[in-house]
Amino acid sequence: MMNKLPPLRTGKPRVEQGYLQPLGGLGIPFSLIEGAAPGPCLLVTAGVHGSEYCSIETAVRLLKRKPEEIKGTLVVLPILNVQGFRQRSIYIMPEDGKNLNRMFPGDPDGSTSERLAHWLVTEVYPQVDAYLDLHGGDLDESLAPFTLFPSGCERSRALATAFGLPVVVAAGGEGYTINAAYRVGVPSILPEVSGNGLWGEDTVEEMTAGVERVMHHLGMIAGPVKQAPEDGLQVVTMWVPSAPCDGLWYAAKEVSEPVAVGEVLGEIRDVFGSVFATVRSEKEGFILYRLTSLAVNKGEALLGVGTPLAG
Ligand SMILES: [Zn+2]
């Protein structure tokens, strides 16, 4: 066990694998693959959310890449939230009950997720040239594939375009992996493929093809790479209504369905059928993802509406 990543660039082709213990406790698996030729350093993380298995399996397969295949260095951390993976947690790190992807840039004196975020921001992100944080719909969410990038960062937007999923989301807000990486100067994106924690050959291949398109874009692998679907890329912003109360969630719209302003997106009812809340869209656009769980708690995200940006 180590508490630091090995040097990322030595000039010699190599593979280093093992477990890191930046906080003590469970080891976080990693692999570092340095190619013979110089090139950029790409960081790939997955398992920030421990039950988004398509992204985790995609990262696990990246561990098998060989130095002969790449220029530069590929660093893969396939399961950041190890305890969450083992316990099949939704969103949270079991150690402190917090969502790691809301804790960035973290706190060296905080709880487990805050300290893990701080370690990534101070020890890992500054060493790399680009960053992919792989996600998907968690056990309680369905989604159509999209890629988030930190709004205003053109280099990140170029990575999102290269990844090749049909929808690209300009994401604002703080607390997220990719926004924290952008703050320290690293272009970064967060692709989401598959929903309800499901994974299979088709979805893992879809995500892997995106990683390869980014590696090709960065000059790390030679072509040809699998082309992205031709039906054009949409750039959107996302609006996320949260549940105004606890209850049972009945969505009125499916993933990818268009919505108009004022249209009903769903209802929260009690077990006897009384409607506690009717959720209407404040935006025109289409459904990017939605909660599929019947149970909902006040404050939880119900869905995301994507609104196309001009240009
Ligand atoms: Zn996630």
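As the structure lists them, so they are numbered: ligands from 1, and atoms in each ligand from 1. Computed over heavy atoms, backbone and side chain alike; hydrogens, waters and symmetry mates excluded.
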Do Thr45 and Leu134 come close enough that some side-chain heavy atom pair is under 4.5 Å? no
Hey, are the side chains of Leu116 and Ser113 touching, using non-hydrogen atoms and a 4.5 Å cut-off? no
Short N/O/S contact of Glu52 with the Zn ion (ligand 1) (below 2.8 Å): yes
How close do Leu288 and Val255 get, heavy atom to heavy atom, and via which atoms? O-CG1, 4.2 Å
The Zn ion (ligand 1) to His49: nearest N/O/S atom name: ND1
Shortest-distance N, O or S atom of His135 relative to the Zn ion (ligand 1): ND1
Do Glu57 side-chain atoms and Cys54 backbone N/O form a donor-acceptor pair below 3.5 Å? no
